[in-house]
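In what follows, every heavy atom counts, from backbone to side chain, and hydrogens, waters and symmetry copies are set aside. Every chain is numbered from 1 and lettered A, B, ... according to where its sequence line falls, protein lines coming before strand lines.
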There are 2 protein chains.
Amino acid sequence: MGYSIGEVAARTGLTAHTLRYYEKEGLLPFVSKNRSGMREYSRQDLAWLSMIECLKASGLQLKEIAQYIGWFKEGDSTLKQRLQLFQKRRAVVEQEVMKLHKILDKLTYKEALYREAVALGSLDAAMQKPEMQALKEMLFQKPDDFDQLVEDED
Amino acid sequence: MGYSIGEVAARTGLTAHTLRYYEKEGLLPFVSKNRSGMREYSRQDLAWLSMIECLKASGLQLKEIAQYIGWFKEGDSTLKQRLQLFQKRRAVVEQEVMKLHKILDKLTYKEALYREAVALGSLDAAMQKPEMQALKEMLFQKPDDFDQLVEDED
DNA sequence: CTAAAGCTTAGAGTTCGCTTTAAGGCAAGC
DNA sequence: GCTTGCCTTAAAGCGAACTCTAAGCTTTAG
């Protein structure tokens, strides 16, 4: 019954230190301890860790996560705040995904360029190739960001 | 002529302080200065800043970006390293996008759950609803991560 | 029975990426 | 001429999220 801190560390990839740190910061207020003072993590505690990871990945700071947990403990009077938080996080993550797709376009172009450059032994020669210029235009034709107003950096 | 540090700051959203800091860290080794010692940024410098932003967004640390710039300055003898770097970054960003899609699923579920909870005035009542349980199953039927092995945290 | 592994606490230290401070030079507008 | 604002440098400070240290207790394997 219950997982030791070491087991939870192994399962989550966090260290035991980090788990205690989270607890200190108010992120895991439900963890119980046995008679000799050792932590015993329940399945619910693991679920909370999973939620913490989700909120962290969505860009929330630990103290904001602690606040969410505070709301949860307050009960149904804080439902609106929690709804707003999830709406906001979803919007933020959707933005981030869009940003990463642009980053991916740029990296794809660079990868193709350098693959050609390695083949030719020369970056300049690769940049001269019409295929490369065509690829660049295909990926960056929408001039919606500052990046495209300037030349290649290399 | 070229851009002053203030103009570049306004354009990029970075502060003048940050631009000088980047230079100190070896990220902008091409910026020239006028007779009175002030920085004059060229179009190429702006392009480098755009590349720096891209690599930063791909998860690279500043000192790793500085190393990439070092490779660029060394010339065609470092083409392979640079190609490998872009391949690696693309893989990392693709992973990150996949991770964020999972995060998005979870946030979508939570948002729907809390929307219902706000309507009903009770989280427990919302969790009881068959629609919510159906949505949860729809989003999380693939048991490929630890998250799904445990119950809801709330 | 003893040693090693793993747990406890409080608190100091580390890394990253800025961010601010201190002390001062130059250039344009009133 | 003087103030305002932007520029220069070197260096100290900061917030986030760990990460490690110290000192000591408990449990388990040999």
Side-chain angles (χ1 to χ4, degrees), chain A residues 1-42 45 48-69 89 92 96 99 103, chain B residues 1-42 45 48-69 89 92 96 99 103:
Chain A
M1 11 92 21
Y3 306 89
S4 77
I5 196 168
E7 287 166 340
V8 175
R11 261 180 115 114
T12 60
L14 302 169
T15 67
H17 282 303
T18 301
L19 285 166
R20 287 185 215 107
Y21 167 70
Y22 278 6
E23 206 171 321
K24 204 178 66 184
E25 298 299 307
L27 271 65
L28 292 168
F30 308 112
V31 178
S32 58
K33 300 190 181 177
N34 65 17
R35 55 248 163 287
S36 39
M38 292 184 180
R39 289 173 181 77
E40 282 195 342
Y41 292 80
S42 67
D45 294 325
W48 272 109
L49 279 167
S50 162
M51 191 69 228
I52 287 167
E53 207 198 303
C54 173
L55 291 174
K56 206 147 62 83
S58 84
L60 231 53
Q61 293 186 358
L62 298 193
K63 61 184 168 192
E64 296 170 302
I65 300 176
Q67 188 187 48
Y68 165 72
I69 289 166
R89 287 351 281 172
V92 165
E96 180 67 13
K99 178 182 154 194
I103 298 296
Chain B
M1 7 121 8
Y3 307 90
S4 76
I5 196 169
E7 287 167 340
V8 176
R11 261 179 115 115
T12 59
L14 302 169
T15 68
H17 283 303
T18 301
L19 286 165
R20 288 184 215 108
Y21 166 71
Y22 278 7
E23 205 171 323
K24 202 179 69 187
E25 298 298 307
L27 271 65
L28 292 166
F30 308 112
V31 178
S32 57
K33 300 190 182 178
N34 65 17
R35 55 247 161 291
S36 39
M38 291 183 180
R39 289 172 179 77
E40 283 194 343
Y41 292 81
S42 67
D45 294 323
W48 272 109
L49 279 168
S50 162
M51 191 69 230
I52 286 167
E53 209 197 302
C54 172
L55 291 174
K56 205 146 62 84
S58 85
L60 232 53
Q61 293 186 357
L62 297 193
K63 61 185 169 192
E64 296 170 301
I65 300 177
Q67 187 187 49
Y68 166 71
I69 289 166
R89 287 351 281 172
V92 165
E96 180 67 12
K99 177 183 156 195
I103 298 296

- request: Tell me which of Tyr21(A) and Asn34(A) sits closer to the 5' end of DNA chain D, going by the nucleotide each one is nearest to.
  value: Tyr21(A)

- request: Would you please test Val8(A) and Asp45(A) for side-chain contact (heavy atoms from CB on, under 4.5 Å) and show each step?
  value: CA-CA 10 Å; Val8(A) 175; Asp45(A) 294 325; over 6 Å; no

- request: Walking along DNA chain D from 5' to 3', note the first and the last nucleotide with an atom under 4.0 Å from a heavy atom of chain A, and give both.
  value: dA16(D) to dT27(D)

query: How would you list, by chain and number, every residue that makes a side-chain hydrogen bond (donor to acceptor under 3.5 Å, both in side chains) with Tyr22(A), sequence neighbours excluded?
result: Lys56(A)

Selection residues 12-34 of chain B - residue pairs positive for salt bridge (charged side-chain N to carboxylate O under 4.0 Å, His left out), sequence neighbours left out: Glu23(B)-Arg39(B)

message: Taking only side-chain N and O atoms of Tyr22(B), does any of them lie within less than 4.0 angstrom of OP1 or OP2 on dC18(C)?
response: yes

task: Would you mind reporting whether Glu53(A) and Ser50(A) have side-chain heavy atoms less than 4.5 Å apart?
output: no

field: 4.5 Å side-chain heavy-atom contact, Leu19(B) and Val31(B)
entry: no

message: Quick check: closest heavy atoms across Ser58(A) and Ile103(B), and the distance to 0.1 Å?
response: CB-CG2, 4.4 Å

field: Annotated protein contacts, base or backbone, on nucleotides 6-11 of chain C with a non-hydrogen cut-off under 4.0 Å, one of B, S, - each
entry: -SBB--

field: Listed partners of Lys99(B) passing side-chain hydrogen bond (donor to acceptor under 3.5 Å, both in side chains), at least two apart
entry: none

message: I'd like to check Arg89(A) versus Val92(A) (side-chain heavy atoms, cut-off strictly below 4.5 Å). Are they in contact?
response: yes

- line: The reported gap from CG in Leu55(A) to CD1 in Ile65(A) (rounded to nearest 0.5 angstrom) is 5.0 Å

message: Nearest 0.5 Å, please: how far is OH in Tyr41(B) from CG in Leu28(B)?
response: 6.5 Å

task: Give me the residues of residues 55-63 of chain B where at least one heavy atom lies under 4.0 Å from an atom of DNA chain D, by number, or none.
output: none

